[in-house]
> 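Just passing along the structure, written as C-alpha cells.
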Amino acid sequence: MRILETTSLSLLLAFSTPAHTDDRQAVAATQMIPRAGHKIAFHIHQGSLPVIVLDAGGGLDSTYWNTLVPELAKRTGCKIITYDRAGFGRSDEVPGPWSVQSATDDLANGLEKLGATQNVILVSHSLGGEIATYLARKHPQWILGVVLVDANVPDVFTDDFIDRMSAIYAPIIAATKAAPPSQAGRQLLALSLSFRETSQAFHRVTWPAAVPAIVIVSEQTPFDVAADAQWWREAHKQFVDGANNRKLVAADRSSHDIAHDRPDVIIQAVGELVASSKSSESLAKPWVSH
C-alpha cells in the first residue's frame with residue numbers, strides 16, 4: 001500500500017487522515033448516477049441485506065476502503081456500497097464552496113436510485129460523520145444503524161474549537177491559493193470557503209433519536225495538541241451520553257486511520273448491527289406450530 005501524507009484543510013475536516021491508494025481493487029460494479037448536473041460514482045459489491053454503505057473522510061475517495069471491503073464481505077455476506085464524493089475519484093467536480101447538504105443529497109439520491117433505502121448500515125469516517133448526521137435526519141427510516149469511525153459529531157464544533165482550527169489552517173489556505181491550480185487544491189479551497197458556516201450549523205443539529213450509533217474513537221485522536229485531543233474524546237462521550245441507543249468504542253493502538261490500523265474494530269461494530277438486524281427479522285416472523 002502506498003500512503004501519501006498531505007496537509008490541508010480537507011484534513012482539518014477529515015482530521016489529518018493520510019490519503020490511501022491501494023492497487024488491489026475489490027471487484028465491484030460501478031454506476032454513474034446523475035444529480036443536479038453532475039454525476040457521482042457508486043461502486044456496488046453484491047450480497048444480501050442489510051446493505052453496508054461506506055463513506056470515507058475528507059480528501060479521500062472510495063479506494064480508502066479497498067482493504068476493508070473484502071473482509072466485510074467475507075464476514076457478513078452483505079451487499080456493500082462505496083462511492084466517490086463530488087470532486088474525488090470518478091465523480092464530477094462541483095464548483096463553489098463545499099455544501100454538506102449537496103453532499104448529503106448526492107448520497108441519498110444514489111442510494112435511492114440503487115434501491116438501497118431499507119436496512120442500511122452506514123459506516124462514516126471523519127468528515128463523513130456530517131453527511132451521516134444529515135442523511136439520518138432526512139431518512140431515518142432507511143437506516144438500521146450507523147458506525148461513526150472517528151467521525152465529526154455536532155458536539156465537537158463549538159465556536160472556540162472552530163476558531164482554533166481556522167487559525168491553525170489559515171497559512172495552509174494562503175499557500176494553496178498561491179500554488180499552481182490542482183484538483184486537490186480546488187477541493188481544499190471549496191472546503192475552506194464554507195468551513196465556519198457549515199461547522200456552526202452542524203453544531204446546532206441533533207442526531208435523530210430513532211437511529212442507533214456505534215461511535216468509534218481512535219486512541220491517538222486526530223490531534224497533536226493535548227487539549228484538542230482531550231476535547232475530541234470528551235465531545236464524543238458527550239454525544240454518546242445523549243441517548244441510550246448509542247455506544248462508545250475505543251480503538252486502542254490506532255491513529256485517526258482506524259480502517260487500516262484497527263479494521264477489526266470496525267468489522268466488529270458492523271457485525272453487531274448485522275446481528276441485530278437478523279435477530280429482529282427472526283422475532284418478526286410468525287410462529288407456526290407443528
Side-chain angles (χ1 to χ4, degrees), residues 1-7 11-20 22 24 52-60 63-76 78 80 82 121-130 132-133 144-157 161 165 207 211-276:
M1 178 178 294
R2 181 166 55 92
I3 301 176
L4 306 177
E5 296 291 346
T6 62
T7 306
L11 302 189
L12 162 60
L13 298 177
F15 292 107
S16 303
T17 305
H20 286 255
D22 195 330
R24 295 177 296 174
I52 301 168
V53 178
L54 305 176
D55 194 1
L60 302 170
T63 61
Y64 178 74
W65 303 109
N66 277 358
T67 58
L68 187 67
V69 166
E71 193 62 28
L72 267 180
K74 177 182 176 182
R75 297 287 188 91
T76 68
C78 292
I80 299 173
T82 63
I121 296 174
L122 184 59
V123 180
S124 300
H125 176 235
S126 201
L127 176 65
E130 297 184 28
T133 304
L144 177 67
V146 179
V147 179
L148 295 170
V149 184
D150 230 18
N152 296 9
V153 295
D155 306 62
V156 170
F157 291 89
F161 178 84
M165 296 300 105
W207 185 268
V211 178
I214 299 176
V215 181
I216 303 174
V217 178
S218 64
E219 179 176 349
Q220 294 180 21
T221 82
F223 303 104
D224 295 325
V225 177
D228 291 331
Q230 185 59 28
W231 172 239
W232 182 254
R233 298 184 190 100
E234 290 176 2
H236 282 78
K237 184 179 185 304
Q238 183 174 295
F239 172 79
V240 169
D241 288 344
N244 292 330
N245 59 352
R246 302 174 197 169
K247 175 183 177 181
L248 185 64
V249 176
D252 296 334
R253 305 182 307 281
S254 174
S255 69
H256 186 52
D257 186 19
I258 297 173
H260 296 90
D261 294 340
R262 290 296 308 277
D264 57 299
V265 178
I266 299 175
I267 292 168
Q268 173 67 29
V270 172
E272 289 182 23
L273 292 175
V274 171
S276 72

> Roughly how far, to the nearest 0.5 Å, is the CH2 atom of Trp232 from the CG atom of Asn152?
5.0 Å
> Can you name the nearest heavy-atom pair linking Ser254 to Ser218, along with the distance?
O-CB, 3.6 Å
> Nearest 0.5 Å, what's the CD-CG distance between Gln268 and Leu273?
10.5 Å
> Can you name the closest pair of heavy atoms from Leu144 and Pro212 and give their distance?
O-CD, 3.5 Å
> Set out, in order, the CA-CA distance, both residues' side-chain angles and the distance that settles side-chain contact (heavy atoms from CB on, under 4.5 Å) for Val153 and Thr133, then state yes or no.
CA-CA 8 Å; Val153 295; Thr133 304; over 6 Å; no
> Rounded to the nearest 0.5 Å, what's the gap from CG on Leu68 to CD1 on Ile267? Could you check?
5.0 Å
> Shortest non-hydrogen contact from Ile80 to Val69?
CD1-O, 3.7 Å
> Kindly give the heavy-atom pair with the smallest separation between Trp65 and Ala56, and that separation in Å.
NE1-N, 3.3 Å
> Which atoms form the tightest heavy-atom contact between Ile121 and Val270, and what is the distance?
CD1-O, 4.2 Å
> How far apart are the C-alpha atoms of Asp150 and Ile216, what are their side-chain angles, what is the distance that settles it, and do they pass the side-chain contact (heavy atoms from CB on, under 4.5 Å) test?
CA-CA 6 Å; Asp150 230 18; Ile216 303 174; over 6 Å; no
> Has the side chain of Asp261 got a donor or acceptor atom that lies under 3.5 Å from a matching backbone atom of Ser255?
yes
> In terms of side-chain geometry, is the basic nitrogen of Arg262 or Glu219 positioned less than 4.0 Å from the acidic oxygen of its partner?
no
> Could you work out, with side chain to side chain contact (heavy atoms under 4.5 Å, CB included) as the rule, every residue matching Asp228, not counting sequence neighbours?
Arg164, Met165, Phe223, Val225
> Between atom CZ of Arg233 and atom OG1 of Thr221, what is the distance when rounded to the nearest 0.5 Å?
5.5 Å
> Do any N or O atoms from the side chain of His125 and from the backbone of His256 form a donor-acceptor pair under 3.5 angstrom?
yes
> Please check if the number of heavy atoms outside Asn244 that lie under 6.0 Å from its CG is greater than 12.
no
> Could you give the distance from CG (Leu148) to NE2 (His236), rounded to the nearest 0.5 Å?
7.0 Å
> Main chain of Ala235, side chain of Trp231: is a donor-acceptor contact present, judged purely on distance under 3.5 Å?
no
> So among Leu54, Ile52, Val53, Asn66, which one has a side-chain contact (heavy atoms from CB on, under 4.5 Å) with Thr82?
Leu54
> Is Arg246 reaching over with its side chain to a backbone N or O of Val215, donor-acceptor style, under 3.5 angstrom?
no
> If you measure from CG on Asp241 to CG on Leu248, what distance do you get to the nearest 0.5 Å?
8.0 Å
> Specify the closest pair of heavy atoms between Tyr64 and Asp257, including all atoms of both residues, with the distance to one decimal.
OH-OD1, 2.6 Å
> Side chain to side chain donor-acceptor pair (under 3.5 Å) with Glu234: which residues, sequence neighbours excluded?
Gln230
